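No experiment lies behind these values; they were computed from the predicted model shown. Proteins come first, then strands; the chains are lettered A, B, ... in the order of their sequence lines, and each starts at number 1.
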Amino acid sequence: MDDQTRMMTGLTGLGGLQQADVGDPDSVRKQQSLGQPQQDIGDILQQIMAITDESLDEAQARKHALNCHRMKPALFSVLCEIKEKTVLSIRGVQEEDPPDPQIMRLDNMLLAEGVSGPEKGGGSAAAAAAAAAAGGSPTDSSIEHSDYRAKLAQIRQIYHSELEKYEQACSEFTNHVMNLLREQSRTRPISPKEIERMVAIIHRKFSSIQMQLKQSTCEAVMILRSRFLDARRKRRNFNKQATEVLNEYFYSHLSNPYPSEEAKEELAKKCGITVSQVSNWFGNKRIRYKKNIGKFQEEANLYAVKTAVDAANVSAQASQANSPATPNSGTSSSCYTD
DNA sequence: TACAATGATTGCAA
DNA sequence: TTGCAATCATTGTA
């Protein structure tokens with residue numbers, strides 16, 4: 001006898017139940033003795049399905065009646081037997097998922113940006129770096145810094161509230177499914193392992209939704225960062241003194257306007273800018289000078305004169321320092337050097 | 001407001 | 001990696 005036939009045989013005893021008769025073995029016996037044709041499994045299933053269309057009280061009553069039915073243990077044991085055979089085929093399906101590298105990357109990024117985890121200066125550091133790279137004044141950078149932080153805080157807040165919603169929905173849904181399964185376990189065999197597996201499936205589904213949230217949050221942070229890190233958007237001209245220092249070096253090394261790394265560092269220090277800004281400046285200057293030497297000739301002459309005067313001053317200072325007969329030499333030369 | 005000046009970025013070559 | 005050349009985006013000025 002195959003499983004289905006056995007089940008059908010077991011279930012035939014439940015056939016022909018009327019709503020009022022359910023739970024009343026006498027009425028079943030009466031119906032059987034009256035020679036009513038055996039009804040097929042469809043009837044009983046229909047009755048079970050009909051429970052959902054009934055009011056809560058009616059459904060409860062019918063459920064109770066089905067649970068108390070004398071054939072219920074037979075049905076349950078048949079289901080157990082079938083289960084035992086089928087569970088072997090699904091056993092292999094259950095395996096532990098390795099941590100998703102994509103989720104790990106997103107988590108790391110959100111953590112580094114200060115969106116997830118404890119609120120700290122992750123994003124602030126990025127904003128400060130952005131301001132420094134742009135060469136903005138301390139006041140400007142602090143304004144942008146707070147602006148960046150405010151926007152990041154906004155993203156953080158949205159992220160956390162959405163995450164909370166997802167987690168709440170997940171736990172509600174999990175509870176709901178677990179209650180359903182527990183309830184169903186009265187009529188069909190459901191092991192705790194199966195409930196666990198179902199919970200894991202639900203969590204996987206919700207975690208894929210979470211991944212989408214994390215992904216869009218990361219995108220928002222990247223857009224915010226790129227907006228703040230794009231130095232072109234908040235370019236500031238170097239101050240006059242810095243430009244003079246750079247021009248002086250450029251025109252005094254016109255035959256080879258390529259400062260060494262040490263010279264770049266020195267110039268950067270003098271001008272209050274970064275080494276890469278010095279490199280940019282020399283790159284731009286060389287190309288623009290080469291393109292239009294005529295235009296820069298006047299400027300070149302000006303700095304040549306300035307350099308000559310400075311050199312003369314230095315040598316005068318040196319010669320005066322070597323002559324002890326000259327009084328107040330320091331005060332007279334300082335008016336040229338300044 | 002148009003335009004020149006200027007600092008930064010990008011793509012390519014050496 | 002560095003420098004060049006082209007280009008972008010912003011600032012400063014007439």
A.B. asks: A:R288 CZ to B:dA4 C1': how many Å, rounded?
C.D. replies: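 Rounded to whole Å, this separation is 11 Å.
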
A.B. asks: Ignoring the backbone of A:K290, work out which of B:dA8, C:dA5, C:dT2 is nearest its side chain.
C.D. replies: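 Among the listed nucleotides, the one closest to the side chain of A:K290 is C:dA5.
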
A.B. asks: Contact class for A:K285 (heavy atom, under 4.0 Å): base, sugar-phosphate, or nothing?
C.D. replies: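 If one applies the 4.0 Å heavy-atom cut-off, A:K285 turns out to touch nothing in the nucleic acid.
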
A.B. asks: Please determine whether a side-chain nitrogen of the Lys or Arg among A:K165 and A:E162 lies less than 4.0 Å from a carboxylate oxygen of the Asp or Glu.
C.D. replies: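 Here A:K165 pairs with A:E162 in a salt bridge, since their nearest N and O are under 4.0 Å apart.
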
A.B. asks: Remember a base hit wins even if backbone is also touched, and classify A:Y258 as base, sugar-phosphate or nothing at under 4.0 Å, heavy atoms.
C.D. replies: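 Here A:Y258 touches the backbone only, sparing every base.
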
A.B. asks: Have a look at A:R286 and say if it touches a base, only the backbone sugar-phosphate, or nothing, with a 4.0 Å heavy-atom cut-off.
C.D. replies: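 Here A:R286 touches the backbone only, sparing every base.
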
A.B. asks: Could you state the atom-to-atom distance from CZ of A:F238 to P of B:dA5 in whole Å?
C.D. replies: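 In whole Å, B:dA5 P and A:F238 CZ are 18 Å from each other.
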
A.B. asks: Just how far, in rounded Å, is C1' of B:dA8 from CG of A:N284?
C.D. replies: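 It works out to 7 Å between those atoms.
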
A.B. asks: For A:F282 and B:dG7, what is the distance between atoms CZ and P respectively, to the nearest whole Å?
C.D. replies: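 So the CZ-P distance, A:F282 to B:dG7, works out to 12 Å.
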
A.B. asks: What's the CG-C1' distance between A:N280 and C:dT7, to the nearest Å?
C.D. replies: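 In whole Å, C:dT7 C1' and A:N280 CG are 14 Å from each other.
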
A.B. asks: Between A:N237 and A:G283, who's closer to the 5' end of DNA chain C by nearest nucleotide?
C.D. replies: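 Its nucleotide being nearer the 5' end, the pick is A:G283.
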
A.B. asks: Would you say A:K291 places a side-chain N or O within less than 4.0 Å of OP1 or OP2 belonging to C:dC4?
C.D. replies: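 A:K291 to C:dC4 OP1/OP2: no side-chain N or O under 4.0 Å.
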
A.B. asks: A:I287 has an atom CD1; how far is it from atom C1' of B:dT6, in whole Å?
C.D. replies: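 Rounding to the nearest Å, CD1 of A:I287 and C1' of B:dT6 are 15 Å apart.
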
A.B. asks: Could you give the CG-to-P distance, from A:N239 to C:dT11, as a whole number of Å?
C.D. replies: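 Rounding to the nearest Å, CG of A:N239 and P of C:dT11 are 16 Å apart.
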
A.B. asks: Per the atom types in the model, does the base of C:dG12 pair as donor or acceptor with the side chain of A:R236 at under 3.5 Å?
C.D. replies: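 Absent.
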
A.B. asks: Is A:I202 linked to A:M178 within one hydrophobic cluster, defined over Ile, Leu, Val, Met, Phe, Trp and Tyr using a side-chain heavy-atom separation of less than 4.5 Å?
C.D. replies: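 The answer is yes; both residues are in one hydrophobic cluster.
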
A.B. asks: Please state how far atom CG in A:N292 lies from atom P in B:dT6, giving the value in whole angstrom units.
C.D. replies: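 From A:N292 CG to B:dT6 P: 12 Å.
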
A.B. asks: Rounded to the nearest 0.5 Å, what's the gap from NZ on A:K295 to OH on A:Y289? Could you check?
C.D. replies: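 Result: 12.5 Å between the selected atoms.
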
A.B. asks: Would you mind telling me which of A:S171, A:S208, A:C170 makes a side chain to side chain contact (heavy atoms under 4.5 Å, CB included) with A:H203?
C.D. replies: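 That would be A:C170.
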
A.B. asks: Would one find a side-chain N or O of A:Y289 under 4.0 angstrom from OP1 or OP2 of B:dT6?
C.D. replies: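 For B:dT6, neither OP1 nor OP2 has a side-chain N or O of A:Y289 closer than 4.0 Å.
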
A.B. asks: On the 0 to 90° scale, with breaks at 30° and 60°, tag the A:F282-A:F250 ring pair as parallel, tilted or perpendicular.
C.D. replies: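 Taking A:F250 first and then A:F282, their aromatic rings sit tilted (interplane angle of 30° to 60°).
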
